[in-house]
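To keep things clear, I will list the structure first and then write my remarks on it.
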Amino acid sequence: MEINRSLIRNIIRKLALLCLPFFAVSSAFSVSSMESDAFVQGLVSYKKGEWADACVYLRQSVNSAEYATDSNWYMIIMSEVYSGNYDAAISDCDYFIDNYSESNLLSFVEYQRGRAYHNVGLNDNAVMALSSFCNEYPDSDMYSSALFWIAECFYDDYDFETSRSLYERIVTEYPNSSKKEDAEFKLYLITQHDREQKLLYLLKMTGEEYLNSRENYEKQLRMMQTDDMAELRKQLRSANARILELESNASVVAVPVVPAVKPDNAVPEVEMEVPVASNATPAVMEEMYEPVETKTASASQVDEEMLSLKAKAALIQRLLNERNGEGK
């Protein structure tokens, strides 16, 4: 029997149209089941603290509108924060703020975004985000924690005075805060830093004073040595001048004047006076008639003085040579 091929094709089309809704429901059920399993696995991993797995499973689950809720996105953000993936956390926080602005979890997300900014080193952004959080939610339980992270930003930027005031505020105004002990520890570190800076300053000042004192001492020592050299040279010139004077005096030999002896048969003559220069002083006349013995004693004293002066001059010259570095 010949089969009507056209009739068979029509029957197949009708059967396909009848089965199409069944296949669509089956496919939707399959997808929904996969996302549901991912959500369950994400919750289990989140509870165990397996943050990387929790992030993967929960992000897979939010592909379905059924699981794309603010609470699931918040768990994704917290998984990223706990796993240290702060860049992804910042991106997801921005997405959350744009799409779930009416959520009760919005304040928590804004707080976590400020923390994430700080952890990636964007302290200016962190201060702005956390300060905005403090202004919008002054009664939040995380207010003191936000103050602590703001203080941490200033501390990391070496603004110790600003961070100190914030740490002190946490300790004083929020004694039950979970960040109180951390704030007290940071205050201790700042105090230690201040002490170290004061010690370094004192050491620096002491070192500079020591260098100045040493420089002044060496300067005074050089001045003293210069004065000593000048005095020695002065004494040497004085000794040499005295030696020359003594040598010059010693070269002049005084000749005593002896009265002439008259012969017995000499015709008496009129006694004549010894001519004396009209400008002769008593000392010169005394020297002219000084006994020979006195002359001899004076020459001996001159020689003795001359020898002493020459020895002194030699000693002074040796000292000068030593000061000038000669004769080494």
Side-chain angles (χ1 to χ4, degrees), residues 46 49 51-52 54-55 58-59 62 68-198:
Y46 191 90
W51 309 118
C55 187
L58 291 172
R59 187 175 289 279
V62 295
T69 63
D70 58 344
S71 59
N72 285 352
W73 273 107
Y74 180 72
M75 285 191 292
I76 291 173
I77 291 170
M78 294 307 299
S79 297
E80 292 167 340
V81 168
Y82 290 141
S83 63
N85 190 1
Y86 298 110
D87 290 323
I90 292 172
S91 177
D92 288 336
C93 284
D94 291 337
Y95 176 83
F96 187 100
I97 293 170
D98 291 338
N99 293 276
Y100 301 96
S101 58
E102 302 298 328
S103 172
N104 294 330
L105 298 172
L106 181 62
S107 61
F108 298 94
V109 172
E110 290 182 353
Y111 169 79
Q112 295 299 336
R113 183 176 65 166
R115 279 193 58 199
Y117 275 134
H118 168 66
N119 284 297
V120 297
L122 299 175
N123 288 327
D124 291 340
N125 293 351
V127 170
M128 292 179 62
L130 292 169
S131 297
S132 176
F133 169 85
C134 291
N135 291 329
E136 293 180 15
Y137 311 102
D139 298 327
S140 172
D141 293 337
M142 295 183 297
Y143 187 90
S144 60
S145 297
L147 287 179
F148 176 82
W149 291 113
I150 294 174
E152 288 287 276
C153 292
F154 286 110
Y155 183 90
D156 288 352
D157 290 340
Y158 302 98
D159 188 351
F160 297 117
E161 291 302 319
T162 304
S163 61
R164 186 208 302 273
S165 63
L166 292 171
Y167 290 134
E168 290 175 345
R169 184 180 173 188
I170 294 169
V171 173
T172 304
E173 299 181 13
Y174 303 94
N176 297 324
S177 172
S178 60
K179 296 297 183 181
K180 178 186 176 182
E181 292 184 0
D182 293 336
E184 289 176 337
F185 178 69
K186 283 304 179 70
L187 286 173
Y188 168 78
L189 293 180
I190 292 174
T191 302
Q192 291 296 109
H193 177 268
D194 290 344
R195 290 177 180 175
E196 291 175 359
Q197 292 300 311
K198 289 179 181 178

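We number each residue from 1, following the sequence as shown.
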For Ala126 and Gly114, which heavy atoms make the closest approach, and how far apart are they?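 Heavy atoms only, the tightest pair is CB-O, 3.4 Å.
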Once you round to the nearest 0.5 Å, how far does OG of Ser145 lie from OH of Tyr174? 10.5 Å
dist Lys180:NZ -> Ser144:OG (nearest 0.5 Å) comes out at 11.5 Å
Look only at the side chain of [X] and the backbone of [Y], and say whether a donor-acceptor pair between them is shorter than 3.5 Å.
{"X": "Ser132", "Y": "Met128", "answer": "no"}
{"X": "Asn135", "Y": "Ser131", "answer": "yes"}
{"X": "Ser165", "Y": "Thr162", "answer": "yes"}

[X] versus [Y]: any side-chain heavy-atom pair under 4.5 Å?
{"X": "Leu147", "Y": "Glu173", "value": "no"}
{"X": "Tyr100", "Y": "Leu106", "value": "no"}
{"X": "Ser163", "Y": "Ile190", "value": "yes"}
{"X": "Val171", "Y": "Tyr167", "value": "no"}
{"X": "Ile76", "Y": "Phe96", "value": "no"}

List the residues meeting ring-ring contact (aromatic ring centres under 6.0 Å, His included) with Tyr46, not counting sequence neighbours, and say none if there are none.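 Checked Tyr46 against ring-ring contact (aromatic ring centres under 6.0 Å, His included); matches are Trp51.
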Apply ring-ring contact (aromatic ring centres under 6.0 Å, His included) to Tyr95 and list each qualifying residue two or more places apart in sequence or on a separate chain.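 Partners of Tyr95 by the ring-ring contact (aromatic ring centres under 6.0 Å, His included) criterion, ordered by chain and then number, come out as Trp73.
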Arg164 with Glu161: basic N within carboxylate O range, under 4.0 Å: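 Yes.
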Quick test of your reading of the model: are Glu80 and Arg59 salt-bridged, counting only N-O distances below 4.0 Å?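 Yes, this pair counts.
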Quick one: sort the [X] and [Y] rings into parallel, tilted or perpendicular, breaks at 30° and 60°.
{"X": "Trp149", "Y": "His118", "result": "tilted"}
{"X": "His193", "Y": "Phe160", "result": "tilted"}
{"X": "Tyr137", "Y": "Phe133", "result": "tilted"}

Do Gln112 and Tyr86 have side-chain atoms, one donor and one acceptor, less than 3.5 Å apart?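 Not at all, the side chains of Gln112 and Tyr86 share no donor-acceptor pair under 3.5 Å.
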